[in-house]
Each structure stands twice: as structure tokens, then as C-alpha cells.
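The structure under discussion appears below in the form of C-alpha cells.
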Amino acid sequence: MNTKNPKNIPTVYEPKKVEDKIYKIWEKSGYFNPDKLPNKKTRKKSFSIMMPPPNATGVLHIGHTLMLAIQDAEVRFHRMRGEKALWIPGTDHASIATQNVVEKLLLKEGKTKEDLGRKAFLKEVDKFVKNSKNTIKTQIKKMGSSCDWSREAYTLDKNLSEAVQTVFIKMYNDGLIYKGFRMVNWCPRCVSTLADDEVNHKEKDGNLYYIKYPIKDGGFFFFFTTRPETMLGDTALVVNPKDERYLDFIGRTSVMPLTQREIPVLADSYVETGFGTGVLKVTPGHDFNDFNLGKKHKLDVIDIFDERAKIDAKSAEYHNFKDYAGLDRFEARKKIINDLQKEGFLVKIEPHKHNVGHCYRCDSVMEPKVSSQWFVDVNKKIKGGRSLKQKAIEAVKSGKIEIIPKRFDKTYFHWMNNLNDWCISRQIWFGHKIPAYYCGDCSEIMVQAKKPAHCKKCRSKKIRAEGDTLDTWFSSGLWTFSTLGWPKKTKDLKEFHPTSLMETGYDIIFFWVARMIIMSEYALGEVPFKKVYLHGLVRDEKGVKMSKSIGNVIDPLVVSEKYGADATRLSLIIGNSPGNDLKLSEEKIASFRNFSNKIWNVSRYAILNSKPTNVKDLTIPDKWILSKLNTLIKEITAHYEKIELSLAGEKLREFIWSDLADWYIETAKTQKSDVLKDILKNILVLAHPLLPFLTEHIWEVAGFKKDPKNLLIVESWPKETNIKNGKSVEKDFALIKDTIVAVRNLRAEYKVEPNKKITAIIYSKEEKILNSAKPAILFLAGLSDAIIEKSGQKPENSAEAIIKKISVYIPIGDLMDKEKELERIRKELAGAIEYRAVIQRKLENENFIKRAPEKIVNEEKKKLEEQNDLIKILEEKLRLF
RNA sequence: GGGCGAUUAGCUCAGUUGGCUAGAGCGUCUCGUUGACGUCGAGAAGGCCACAGGUUCGAGUCCUGUAUCGCCCACCA
């Protein structure tokens with residue numbers, strides 16, 4: 001048709017050329033900041049998300065891109081809906097993780113953190129963090145994230161640290177934080193404690209070492225162990241008091257091999273008669289159960305290891321195992337087995353699979369170790385008579401917090417119910433210092449923000465500060481409110497807390513989500529967020545976890561550069577559902593690059609070729625696409641509201657690609673007027689949360705941007721309108737579509753050359769409708785002409801197709817193959833009869849008529865009628881052949 | 001040992017409270033394309049919805065069991 005030559009709009013969308021520019025425009029507009037949004041008065045509702053702070057360890061991976069895509073889509077949607085939308089970005093200092101990275105960097109220069117000393121080391125860390133924070137910030141911006149940089153936060157910021165201190169002191173004063181001497185998880189590589197959930201249990205091949213200890217006055221005790229080196233710390237043997245085999249032994253003494261230490265034989269019902277030999281060796285210093293057992297029986301606790309899990313020299317000297325002093329735990333194990341064998345105490349070794357705890361940060365084998373640490377008491381009842389644990393459970397149970405998907409409720413409750421006191425002190429240099437001070441004279445503990453001048457008990461001036469830092473999750477647990485200025489009573493806090501949505505990975509539901517709930521309930525007495533949306537892991541196309549060592553990593557920056565940030569975002573959103581992992585491939589991203597280019601060209605066409613709209617005289621296709629748009633608005637709005645972004649994306653794609661591009665635009669080419677501009681404007685808005693760069697750019701190119709402030713990012717969300725006869729218009733258009741498809745099919749089947757223009761003959765009761773769209777039918781079916789009438793004779797030498805109420809004939813002249821045509825009709829008839837039988841069977845079923853809803857029955861009846869009609873027509877054809 | 005999830009076209013997945021002659025994208029095959037787009041268009045092939053029972057007028061959808069894969073939790077020496 002009479003399309004103008006598109007000169008000034010390139011045919012290919014080049015994201016690289018527009019993305020950075022667009023981001024700058026947004027930043028400059030100030031719209032990321034809810035205080036600077038237009039129409040402030042009408043923005044009553046607030047919507048807030050706190051971005052899960054990436055670790056300050058360096059580079060963002062594709063999983064981060066996923067969270068950014070989801071959160072940005074939601075923030076943009078709510079902003080456009082006229083809410084005060086706030087999204088606060090930030091980073092987490094990630095104590096152990098970051099310290100490890102910097103330690104590794106130092107090691108490359110041959111230095112250790114001890115070489116530098118605490119102060120200089122922390123300076124190094126700060127330098128490193130500053131750098132990676134910048135990298136992270138750039139990456140977040142590259143993805144188009146509309147977060148408020150004026151409120152950017154970092155867990156070690158002054159005010160956030162103040163929040164940490166405040167909570168710590170308050171908890172201590174409430175008796176919820178205490179210092180205790182007990183068994184903790186110890187990582188000898190990180191040289192620090194870890195919380196229970198920071199230990200990964202992995203099944204490993206190990207051995208069962210069968211050993212015997214001699215008993216004084218005769219006999220031996222046999223038992224097995226998986227960690228023979230811990231025998232150096234054994235302080236008792238225990239049997240079940242009811243175990244008849246050992247009754248005579250209770251109260252006697254065993255002389256241990258190697259150390260010659262004398263240890264008692266005790267009785268405790270904890271020991272299971274039926275397990276192993278029924279004898280348990282007790283190592284209170286290196287096993288959780290043994291520690292408790294030791295406490296009960298007042299046994300000595302021997303710590304055989306130093307902080308790096310080497311046999312401790314002092315302990316070795318004192319407890320008589322000097323031969324092993326300085327040995328690493330695994331070397332010690334070997335030597336001990338060797339020595340036991342030499343002396344005849346090793347009975348046998350059997351291979352054995354068992355679970356071994358590993359450090360979640362450095363993957364070293366964990367060692368249980370007794371030490372004096374800080375804990376949060378999760379079971380102590382506080383105000384309201386409920387414990388932290390109970391309050392956290394209540395928050396979800398009451399529905400104040402909705403977890404998406406729901407099945408994670410169970411996981412959450414299970415974890416919470418089994419939660420033990422949380423060890424929060426870390427022997428890490430980098431992090432929030434625990435605000436505690438010790439008196440050098442009377443060992444009084446003082447918990448307060450500033451160093452006391454003297455001991456409050458004995459007035460001594462010898463004051464020592466606690467050297468330990470806090471678990472990094474302690475500070476991130478405050479994230480939803482520390483970022484809003486708490487403990488100050490800020491306007492932000494009032495306005496935006498509880499936050500509307502927490503969007504994060506299901507892998508940190510315990511580490512973080514649970515902690516936030518505990519902390520917010522405690523500090524503010526309210527939930528930290530109303531909804532938690534848990535996304536899954538991004539895996540490679542085969543479902544394998546991405547990792548640098550395998551080399552299957554998709555770098556978000558690389559693919560964004562190649563395919564555009566919008567395409568990258570969409571590839572992470574479509575086909576993804578909460579709680580499930582996502583398989584991603586570069587081809588998938590490329591397919592969304594194609595989609596963004598399609599949108600670009602649809603827009604390009606609309607901008608350059610749309611005709612004025614004739615509101616009074618809309619055609620069937622006009623009404624049809626408007627009705628479709630209306631449905632789209634309704635559906636997509638609901639999807640965004642329910643955070644069903646995948647569905648939103650799919651509906652959008654279907655509308656733009658199939659309905660709009662393949663049908664409406666093609667049809668509109670044959671019309672004198674169209675509604676393209678209106679449609680375009682609407683789809684830009686609807687697509688904006690998912691494809692922000694592209695849509696904002698087109699918004700400007702299309703001239704919808706009336707002035708510099710008039711950006712798409714703050715355009716208001718379209719409302720669904722009442723369209724009269726939407727359904728019947730859709731039916732009318734379906735007739736037109738069916739007719740066109742029928743001709744296309746015939747042409748394909750009879751291999752009528754595409755450029756050969758032919759005249760089709762079309763008979764239909766709905767000839768009026770078809771005639772009204774005749775130009776479209778001709779154009780889309782590649783016809784030179786069509787005769788559209790109510791009914792008529794079957795033309796000679798023509799192929800025919802029958803669809804519902806329409807008969808379509810195209811001349812095929814010499815190509816006419818009677819046999820083939822006959823076969824086709826027979827096949828069609830057979831299919832129709834088969835389907836009719838299915839419907840008939842249903843309708844002949846008395847119970848169906850009786851029990852199925854009337855609506856369904858009527859539908860079936862209608863179907864039967866239609867099928868009968870079709871069969872009648874087909875039979876007639878066959879007869880006339 | 002306990003819990004959870006998955007199993008639908010070659011591949012990735014949709015399939016809302018049970019009404020489906022089971023859909024989409026990618027891939028494959030055939031054909032086409034000098035005005036929006038080859039990052040494109042038209043058409044086609046391809047599925048006893050893991051298996052076995054049950055509930056129901058009706059089951060991909062609900063229940064029970066089985067199998068395979070995956071994940072999470074758990075201190076048994």
C-alpha cells in the first residue's frame with residue numbers, strides 16, 4: 001500500500017545506542033525517587049521494595065539480573081499505577097565472604113592479614129569494597145533498574161551500623177543476647193564460628209574405625225568411630241545401664257591407648273543398646289552430643305585443636321599426646337590409626353558413607369569446637385509472652401506475610417520450629433564490632449555503644465573491647481528498616497515500612513528472610529514485608545548450575561551488550577515461575593532480542609504509516625483489535641498485580657506478535673483509517689515494566705513525549721474500558737481470519753504459486769461481514785479478486801475448503817486432481833463424524849444431562865448441531881462429486 | 001531418616017477454582033519475501049499429558065500408590 005519511505009527510523013533496534021542514554025534521562029528526571037514523582041497529591045498508596053543487597057565481593061551474576069528484572073518490573077508497574085514507588089538499592093558487606101576474597105588477593109602478593117594487622121587489613125578491605133560497589137552499581141544501572149540512588153545503602157554505613165548497635169544493645173538488655181560457653185561450628189580455614197545453617201552437610205566417603213580400649217582388671221571395650229583423632233580428647237566410655245553385656249563394667253576404668261589416660265566407664269540411657277557395640281566413647285570437646293553428655297556427667301572438656309584444627313601444643317603437653325602436637329587434623333588421624341594398629345588396638349577399618357559439615361563460604365570441613373560466644377536466645381519469652389521464634393512463626397501463620405509460592409510456608413515453619421539459639425559472634429575482622437567491653441580486673445561484661453571510662457562494677461580502668469564482629473546476617477536482618485533510617489523515627493519509615501514486597505532467592509529463605517522477620521518483629525513489632533516472592537536458580541540450558549569452573553556462565557553484561565538489556569530481562573522472566581529453577585540459553589535471549597526488534601518495527605510502522613482514526617466509523621478489524629487490547633489490559637494488570645510476570649510477558653508477546661503485527665497491521669494496510677496510534681500508545685505502557693529501555697525510547701520517537709518531563713516511566717496505567725459487543729466483534733473477525741487461512745491452506749496444498757493472483761469464490765451466510773473486509777481478504781490471501789455471496793454453485797476445476805459457515809473455492813485448473821480432492825473430503829468427513837460421536841456419547845449419557853451444569857450441556861448441544869451441519873455439507877459435496 | 005518439587009510435542013515450558021477434538025516459543029520440514037521487520041511471513045508434521053488404581057456425568061487438572069530425576073532439612077557414635 002502507500003507506505004512512505006521510512007527514512008529517519010532505522011529498521012533495526014540498537015539497544016547499545018539508546019540504553020545508557022535513556023537511563024541518564026530517567027536519573028535526571030528524579031522519578032526513581034518517590035518524593036519527586038509527578039501528581040504527588042493523587043499518589044496515596046506507597047509501594048516499597050528493598051533490594052536484596054548483593055555481596056560487596058565483586059561482580060553481579062545472572063541470578064542478580066533475574067532479581068533486578070522482577071523487582072524493577074513490579075516497581076515500574078506500581079509507579080505507573082500512581083503509587084509512591086520506592087526501591088532502595090544497596091550492598092552487603094558480607095563479612096566472611098568479603099574478608100576471604102581480600103585475603104586471597106593478599107595471598108597473591110605473598111601477604112597474610114596478620115602481616116598487615118587488623119587496621120591496615122580493614123583499610124585494604126574498604127578499598128576493595130569501594131571498588132566493587134562501583135562495579136555493582138554500574139551493573140544494576142545497565143539492567144535498567146529504576147531504584148532510588150539517593151537512598152542507596154550499605155550495611156556498614158554509619159546509620160545502618162547504628163541500627164545494628166541499637167538492636168544488639170536492646171536485645172542484650174532484654175536478655176535475648178547472652179554470652180555462653182558451648183559447642184559451636186568452627187571453620188578452621190576462616191578461623192571463625194558459623195551459625196548452624198551456615199554449615200552444609202554433604203555425604204562423603206569415610207571409614208568406620210573399629211577400636212578397642214583395655215579395661216582395668218581385664219577385658220576390652222570395642223567400639224567404632226568416624227573421627228579417630230578425637231580420641232585424644234576422650235574423657236569417658238558410656239554404655240546403656242540396661243545393657244546386660246556391660247553391667248559388670250560400669251564404674252570401672254579404661255586405660256586409653258596412646259595417651260594412657262584413665263577414663264571412667266559410665267552408664268547413660270542415651271546410648272542405644274542396639275547400635276554398634278553399644279559402647280560410646282565420649283569426646284566432650286569435639287562433638288555436639290558428647291558435649292551435652294559430658295555436661296550431664298561433669299566430664300572434663302579437652303580441646304585438642306588450636307584454632308586452625310592443628311593438634312594444640314599446650315593441650316598435647318598437658319594431656320600427654322605430644323607426639324601429635326602441631327599435626328593437622330587429617331595427618332593426626334593417619335598417625336593415630338597407624339599407632340593404634342602398631343599397638344594392636346585397631347580392630348578393623350570399614351568404608352562408610354557419612355555426612356560431613358562443610359563451611360558454606362570456603363567449603364572446608366567444619367570442626368565442632370567449644371568456645372565462648374555470643375548467642376541470640378530464640379526461645380526466651382519476651383513482651384507478650386512469646387519468644388522471637390513464636391513471633392516469627394505467627395507472622396506467617398496469621399497471613400501478615402504471604403510467601404510466594406505457598407509451599408515454602410512449610411519449609412519456613414519447619415526450620416523455625418527447629419531453630420536453636422543463633423550464634424552471632426564471628427572471629428572475623430571485617431564487620432560490625434560487637435558493642436561489648438570487658439573489665440580487665442573483674443571480668444564484668446558491659447554492653448554499650450561507647451567504651452566505658454571505667455568498670456561499672458569495680459571501677460577499674462582496665463577496659464578491653466570485644467574483638468569479635470557480628471554475623472553478617474545480623475545486620476542484613478535489619479535491612480528493611482535500617483535502610484529507612486531506623487532507629488530514628490523517619491518519614492520514610494512511616495511511609496514505607498512494612499515494605500510491600502521482598503523478592504529474593506529461595507536459597508536464602510533461612511539465612512535472610514527468616515532473620516528479617518525475627519528482627520523486624522522484635523525491633524519494630526511489625527512484619528518487614530507483606531509478601532515474599534522467592535525466585536529460583538538460573539541454570540544453564542542443560543539444567544546445570546552455572547559456575548566459572550565448568551565455563552557455562554552467562555555474563556549478564558556480555559549478553560546485554562549483545563542482545564540488549566530488555567531482551568536479557570525478558571528471557572529471565574518468561575518461562576520462569578516462583579520457587580522453580582530456570583534454564584537459560586543464549587538462544588533464548590536471542591529470541592527475545594527478536595521480539596524487541598519486532599516491537600520496534602511494529603512501532604516504526606505505526607509511527608510512519610498509521611492513518612487518522614475514524615472514531616465514528618470503526619471497521620470490524622478496528623473494533624476487534626480494540627476489544628483484544630481491552631482484554632489484554634485486564635489480564636496483564638492482574639498478572640502484574642499477582643507478580644505473574646511470565647504470564648504478563650506471554651500475553652504481551654501474543655498480542656503484539658500475532659494479533660497486532662500478523663493480523664491487525666496487515667488488515668489495516670487495506671483500510672483508509674486505523675487505530676494504530678492508540679494501540680501503540682497502550683502497548684508501550686503495558687510493556688514498559690518488562691522492556692523499559694525499548695518502550696521509553698519508542699515513546700519519544702513516536703512523539704508521545706510532549707515535554708521533557710513527560711516520560712513513559714511516569715505515564716499512567718491504562719484502564720480497562722467497557723466495550724460493547726466485544727465478543728461478537730471477535731466472532732466477526734474470526735470469520736474473516738478463517739476465510740483467509742482457508743485460502744492460504746488451499747494455496748499451500750495445491751501449490752498455487754504465491755505470486756499467481758487468483759479469484760476465490762466464497763459462499764457464506766455472513767457474506768456481509770466478509771464483503772466489508774474484502775480488501776483485507778484479497779490482500780492477506782493474495783487474491784486478485786473474490787466473489788463473496790450467500791450461496792451458489794460449486795465452480796468447476798476448483799479446490800474447496802469448508803470451515804464452519806463458509807465454503808471457499810479457489811480455481812486450480814490443470815492442477816485439479818479429482819482423486820485427491822475426493823480423498824480430502826472423505827478424510828474431513830471421517831474426522832467430523834468421529835468428533836460427532838464423541839459429543840453424542842456425552843449427550844446420550846443420562847447422568848451427564850442430569851448432573852453437568854446446564855451451560856456445559858447447552859454448549860455440547862450446540863457443538864453437535866454445528867457438527868451435524870458440517871457433516872451434512874460434506875456429505876452433499878461427496879454426493880455431487 | 002523426614003519433607004518438598006518435577007515428570008505434557010525433539011527441546012524449554014503454559015495449561016487458572018475438573019468441561020480440551022491438549023497449547024505456545026524454539027527446533028524440524030515445505031513454500032515465500034524490493035516497502036514495518038530475513039531479528040521476517042505463510043503452511044505442515046509432531047503428544048495413550050511418567051505408570052497403576054480411585055473419586056466424578058466428565059480428570060493433564062482432585063485423591064492413593066509406584067517409578068525416575070532434582071532440591072531442602074537432620075549430631076546417631
Side-chain angles (χ1 to χ4, degrees), chain A residues 1-6 9 11-13 183 197 201 208 223-227 238 270-272 275-277 279-283 287-292 354-355 357 368 405 407-408 410-411 414-415 418 506-507 509-510 536-537 541 543 563 567 574-577 579-585 587-588 590-609 644 646-647 650 653-654 657-658 661-662 665-666 669 741 744-745 747-749 751 753-755 780-782 831 834-835 838-839 842 845-853 855-857 859-860 863 867:
Chain A
M1 304 290 102
N2 59 337
T3 45
K4 285 171 269 172
N5 187 22
I9 305 176
T11 59
V12 173
Y13 171 59
M183 182 75 49
D197 50 307
H201 293 274
L208 280 182
F223 53 87
F224 58 75
T225 174
T226 54
R227 295 188 302 152
V238 184
Y270 167 79
V271 180
E272 282 175 42
F275 191 86
T277 58
V279 177
L280 174 69
K281 74 177 195 64
V282 187
T283 322
D287 183 278
F288 282 87
N289 293 312
D290 291 10
F291 179 76
N292 293 332
H354 61 136
N355 279 318
R407 66 184 142 91
F408 279 95
K410 244 187 185 172
T411 319
H414 179 257
W415 187 81
N418 292 296
Y506 66 71
D507 50 331
I509 180 167
F510 306 135
L537 241 63
E541 62 223 286
Y563 305 104
I574 293 191
N576 195 356
S577 55
N580 294 320
D581 293 351
L582 174 76
K583 286 181 197 164
L584 184 69
S585 61
E587 292 89 81
K588 188 176 174 191
S591 79
F592 288 104
R593 181 268 323 267
N594 296 355
F595 178 49
S596 35
N597 199 59
K598 185 76 188 184
I599 298 179
W600 175 251
N601 275 288
V602 163
S603 309
R604 182 162 164 272
Y605 180 85
I607 293 163
L608 297 170
N609 302 306
E644 297 165 343
S646 178
L647 293 174
E650 274 177 47
R653 178 172 59 187
E654 199 190 319
W657 213 316
S658 317
D662 292 344
I665 288 186
E666 294 305 310
K669 284 177 183 169
V741 170
R744 283 173 177 172
N745 272 327
R747 294 185 68 130
E749 201 164 332
K751 305 215 183 315
E753 286 184 19
N755 44 11
L780 288 177
E834 204 177 307
Y835 183 41
V838 172
I839 306 167
K842 267 191 199 175
N845 184 339
E846 261 179 61
N847 284 326
F848 175 73
I849 306 283
K850 250 194 284 185
R851 301 192 192 176
K855 204 178 122 194
I856 302 289
V857 177
E859 268 169 32
E860 290 301 316
K863 272 191 219 163
Q867 219 48 32

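Numbered from 1 within each chain, the chains take letters A, B, ... in sequence-line order.
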Please state how far atom [atom1] in [X] lies from atom [atom2] in [N], giving the value in whole angstrom units.
X	N	atom1	atom2	value
A/I599	B/rU39	CD1	C1'	12 Å
A/E587	B/rG10	CD	P	19 Å
A/R744	B/rU30	CZ	P	21 Å
A/I574	B/rG15	CD1	P	13 Å
A/E749	B/rU30	CD	P	17 Å
A/K842	B/rA59	NZ	P	10 Å
A/L537	B/rC72	CG	C1'	13 Å
A/E650	B/rC13	CD	C1'	8 Å

Out of [options], which has the shortest distance to the side chain of [X]?
X	options	result
A/N355	B/rC13, B/rA74, B/rG19	B/rA74
A/F275	B/rU39, B/rA77, B/rA42	B/rA77
A/R653	B/rC76, B/rG41, B/rG25	B/rG25
A/K583	B/rU39, B/rA77, B/rC13	B/rC13
A/H201	B/rA74, B/rC40, B/rU21	B/rA74
A/L280	B/rA77, B/rC40, B/rG19	B/rA77
A/N745	B/rA44, B/rU21, B/rU12	B/rA44
A/Y270	B/rU21, B/rU39, B/rA77	B/rA77
A/F510	B/rC73, B/rC40, B/rG5	B/rC73
A/T226	B/rC37, B/rA77, B/rA14	B/rA77

Both distances under 3.5 Å, Watson-Crick or G-U wobble: report the partner of [N], or none.
N	value
B/rC71	B/rG3
B/rC31	B/rG41
B/rG65	B/rC51
B/rC20	none
B/rA59	none
B/rA14	none

Output yes when a side-chain donor or acceptor of A/S585 lies under 3.5 Å from a complementary backbone atom of A/E541, and no otherwise. no
Less than 4.0 angstrom between a side-chain N/O of A/S577 and OP1 or OP2 of B/rA14, yes or no? yes
B/rG41 OP1/OP2 closer than 4.0 Å to side-chain N/O of A/W657: yes
Of A/L582 and A/D662, the one whose closest RNA chain B nucleotide lies more 5': A/L582
The answer to which of A/Q867 and A/H414 contacts RNA chain B further toward the 5' end, by nearest nucleotide, is A/Q867
Looking only at atom [atom1], what distance separates [N] and [M], rounded to whole Å?
N	M	atom1	value
B/rU12	B/rG47	C1'	16 Å
B/rG32	B/rG25	P	23 Å
B/rU64	B/rA24	P	33 Å

Is there, by distance only and without an angle test, a donor paired with an acceptor across the side chain of A/K410 and the base of B/rC4 below 3.5 Å? no
Say whether A/N594 and A/S591, considering side chains only, have a donor N or O and an acceptor N or O under 3.5 Å apart. no
Can you tell me if A/K598 and A/S596 form a side-chain donor-acceptor pair at under 3.5 Å? no
What's the separation between atom CZ in A/F223 and atom CG in A/L280, rounded to the nearest 0.5 Å? 9.0 Å
Tell me which one of A/N580, A/D581, A/T411 satisfies side-chain contact (heavy atoms from CB on, under 4.5 Å) with A/Y506. A/D581
